[in-house]
Number of protein chains: 2
Amino acid sequence: MSDRRVKYTKMVIKESFIKSLRQKPISKITVKEICEDADVNRATFYTHYKDQYDLLQQIENEIIEDINRYLKDYDIQDAKVVPLDMIEKITEYVSKNADVFDLLLNLNGDIKFQQEVIKIIGNQFIPIIENEKLNKADAEYIYHFIACGAVGIIQKWMKDGMKKSAREMAEIIFKMSNNGRASFE
Amino acid sequence: MSDRRVKYTKMVIKESFIKSLRQKPISKITVKEICEDADVNRATFYTHYKDQYDLLQQIENEIIEDINRYLKDYDIQDAKVVPLDMIEKITEYVSKNADVFDLLLNLNGDIKFQQEVIKIIGNQFIPIIENEKLNKADAEYIYHFIACGAVGIIQKWMKDGMKKSAREMAEIIFKMSNNGRASFE
DNA sequence: TCGATTTGTCAACACGCTGTTTATTATCTC
DNA sequence: GAGATAATAAACAGCGTGTTGACAAATCGA
C-alpha cells in the first residue's frame, strides 16, 4: 500500500493524464499516450487502472475524499459553525485547488463529479432544513436549487479568473440562499 | 438537402445511438455497433458524422435550436411576456421531451449540453437585469446562480419522476429567483 | 544485510474497431 | 425517364487494446 514504486508510478501517470486532459477531451486520450508521456510501461498502467475513465474516476474520488476530510476537521473544531463559514471553507478549498476544479468542472468537465460537489454543498444546508416549517418535498427542491446555483457561480468564478475572494463568493451564495428560502416561509 | 434516403439514414442512426446511450456511456459505444443496430453501412455513417461524439453534438444542437424556435414563437405572440410564463414555457418543453432531457442531463449527461440549457434559461432574466440597480459584475453572478439552480431542480424534477407540474416548477424557480435577487437591492 | 516478495519492464501476441477506398446497386429529384 | 445522388459490400492497412510470460529491479521485514 505504501510501496514507493507504486506511489511514483501512480503519480507520474496522474500527472501525464492531467496534462493531456488540459488539451483535449478524455475520449481522445489513449492509454498508450499517457504511458509514453509518463515513461511507464503500458502493462504497469493496467495493473492499477482499468482504462483512462477509471483513472479519472479515481482522481475525482480522491478529491472528494480530501474535501470531506477538510470540512470534517473544521466541523470538529466548533460544532455549531454557521453555514456562511462552512461555505467559505468550501470556496477556500476550491481556490486552493483551482487548477483541478477548473479542469473537472469547466474545461473538460464531468457531470458525475459536478454532482458530487453539489451533494457536498447541499449537505451544508441540511442543519437548516430541519429548523424550518417547510414540507420535506419542497425543502429538497429548494436546497437542491441552492446547491446547484452555488456550484454554478463557482464555475463562473473560476472562468472569470477568480477575481473575487473566497469570502465574497461565500457571501453571495449565502445571501441568495437565505432570501430565496425566505420566500417559502 | 431534403433527400428521403438521407433523412431515413440519419433517423435510424440517431435512434440506435440513443438506444445505446440509455444503456452505457458514450465512451463504450462504437460506430460499428450503432450501424449494425441501425442496419446502415459503416461507410454511410462516416459520410454524415465524424464519430459518435460528433453525432451526439449534432443531436444536442438540434434540440437547442428547437427550444429556441419554441421560445421565439411565444416571444412574438406577446412581446412583454412576464418571465414566469417564459420559465413555464421552458419547463413545459422539458416535460414534453422528458426522455431526451433525462438522458442528456442526468443519466449520461453532457456538461456542454447542460451549459447550453443554462444559457437559455439565463437569457430569460436579461430583461430584468437592465431594470435593476446592481452593478453589472454582481448581476451576472446572481443571474448565473439562478440559471444553474433552475437547471439543477429541473434535473431533480426528472429524476423524481416529474410529479410536479411544469407550472409548479416554474413557480419554484421564479420565487427563488425573485427573493434571491431582492437581497442585493 | 539478506532473502523472499512485490513491482515494473520488455517483447510479443491476437483481437477488434477505425477510417478510407473501390466498384456496384438502389433511390431520389426534377 | 435520365441524370444525380446516396447507400451498399468488400477489402485494406493502421492502430490501440488488453493480456501474457520471462526477466530485472526495488522494497520490506527479519
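We use all heavy atoms of the structure for the numbers below, so side chains are in, but hydrogens, waters and symmetry mates are not. In what follows, chains carry the letters A, B, and so on, assigned in the order in which the sequence lines appear, proteins first and then strands, with residues in each chain numbered from 1.
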Original post:
With respect to the side chain of V6(B), which nucleotide from dT27(D), dA6(D), dG8(C) is positioned closest?
Top reply: dA6(D)

Original post:
Looking at residues at least two apart in the chain, or sitting in another chain, which of them share a salt bridge (charged side-chain N to carboxylate O under 4.0 Å, His left out) with D54(A)?
Top reply: none

Pairs: protein N or O with nucleotides 2-6 of chain C N or O, under 3.5 Å:
from: dT6(C); atom 1: O2; to: R5(A); atom 2: NH1; distance (Å): 3.0
from: dT6(C); atom 1: O2; to: R5(A); atom 2: NH2; distance (Å): 3.1

Per-pair distances, 0.1 Å, donor-acceptor, side chain in residues 110-118 of chain A, under 3.5 Å, sequence neighbours excluded:
from: D110(A); atom 1: OD1; to: K112(A); atom 2: N; distance (Å): 3.0
from: Q114(A); atom 1: OE1; to: Q114(B); atom 2: NE2; distance (Å): 3.1
from: Q114(A); atom 1: NE2; to: Q114(B); atom 2: OE1; distance (Å): 3.1

Original post:
Do E62(A) and I67(A) come close enough that some side-chain heavy atom pair is under 4.5 Å?
Top reply: no

Subject >> Results of salt bridge (charged side-chain N to carboxylate O under 4.0 Å, His left out) for K19(B) - residues two or more places apart only >> reply: D37(B)

Which atom pairs, donor and acceptor, lie under 3.5 Å between side-chain atoms of residues 91-98 of chain A and protein residues at least two apart or in another chain?
from: T91(A); atom 1: OG1; to: I87(A); atom 2: O; distance (Å): 3.3
from: T91(A); atom 1: OG1; to: E88(A); atom 2: O; distance (Å): 2.9
from: T91(A); atom 1: OG1; to: A166(A); atom 2: O; distance (Å): 2.9
from: E92(A); atom 1: OE1; to: Y70(A); atom 2: OH; distance (Å): 3.4
from: E92(A); atom 1: OE1; to: K89(A); atom 2: NZ; distance (Å): 3.3
from: Y93(A); atom 1: OH; to: D66(A); atom 2: OD2; distance (Å): 2.5
from: S95(A); atom 1: OG; to: E92(A); atom 2: O; distance (Å): 2.9
from: K96(A); atom 1: NZ; to: Y70(A); atom 2: OH; distance (Å): 3.3

Original post:
Of all the nucleotides listed (dT9(C), dG18(D), dA7(D)), which has the minimum atom distance to the side chain of T47(B)?
Top reply: dA7(D)

Original post:
Can you list the residues that meet the salt bridge (charged side-chain N to carboxylate O under 4.0 Å, His left out) rule with D160(A), with sequence neighbours excluded?
Top reply: K156(A)

Original post:
Roughly, in whole Å, what's the span from CD in Q52(B) to C1' in dC17(C)?
Top reply: 10 Å

Original post:
Rounded to the Å, how far apart are K7(B) NZ and dT27(C) C1'?
Top reply: 15 Å

**OP:** Could you check how far OH of Y8(A) sits from P of dA25(D), rounded to whole Å?
**Re:** 17 Å

Original post:
Does the dG19(C) base have a donor-acceptor partner in the side chain of R42(B) within less than 3.5 Å?
Top reply: yes

Subject >> Rounded distance (Å) that lies between atom P of dT17(D) and atom NZ of K50(A) >> reply: 13 Å

Original post:
Can you check the R4(A) CZ to dG8(C) C1' distance for me, whole Å?
Top reply: 16 Å

Original post:
Using rotation axes that map the C1' atoms of four end pairs onto the next four (five pairs an end), what angle separates the end axes of the helix from dT1(C)-dA30(D) to dC30(C)-dG1(D), to 10°?
Top reply: 60°

**OP:** Using atom CZ of F45(B) as one end and atom C1' of dC17(C) as the other, report the distance to the nearest whole Å.
**Re:** 13 Å

Subject >> Interface residues of residues 18-41 of chain B with DNA chain C (non-hydrogen, below 4.0 angstrom) >> reply: T30(B), V31(B), K32(B)

**OP:** For this output row, return yes or no: ring centroids of F145(A) and Y141(A) closer than 6.0 angstrom.
**Re:** no

Original post:
What pairs of residues pass the salt bridge (charged side-chain N to carboxylate O under 4.0 Å, His left out) test when at least one of them lies in residues 141-150 of chain A, not counting sequence neighbours?
Top reply: none

**OP:** Verify the contact: side-chain N or O of H48(B) to OP1 or OP2 of dA6(D), cut-off strictly under 4.0 Å; return yes or no.
**Re:** no

Subject >> Non-neighbouring partners of I18(A) that pass side-chain contact (heavy atoms from CB on, under 4.5 Å), sequence neighbours left out >> reply: R22(A), I59(A), L103(A)

**OP:** Take the protein atom CG of D51(A) and the nucleotide atom P of dG18(D), then report the distance between them rounded to whole Å.
**Re:** 6 Å

**OP:** For K159(B), enumerate each residue passing the salt bridge (charged side-chain N to carboxylate O under 4.0 Å, His left out) test, keeping only those at least two apart in sequence or located in another chain.
**Re:** none

Subject >> Results of side-chain contact (heavy atoms from CB on, under 4.5 Å) for S20(B) - residues two or more places apart only >> reply: I29(B), E33(B)

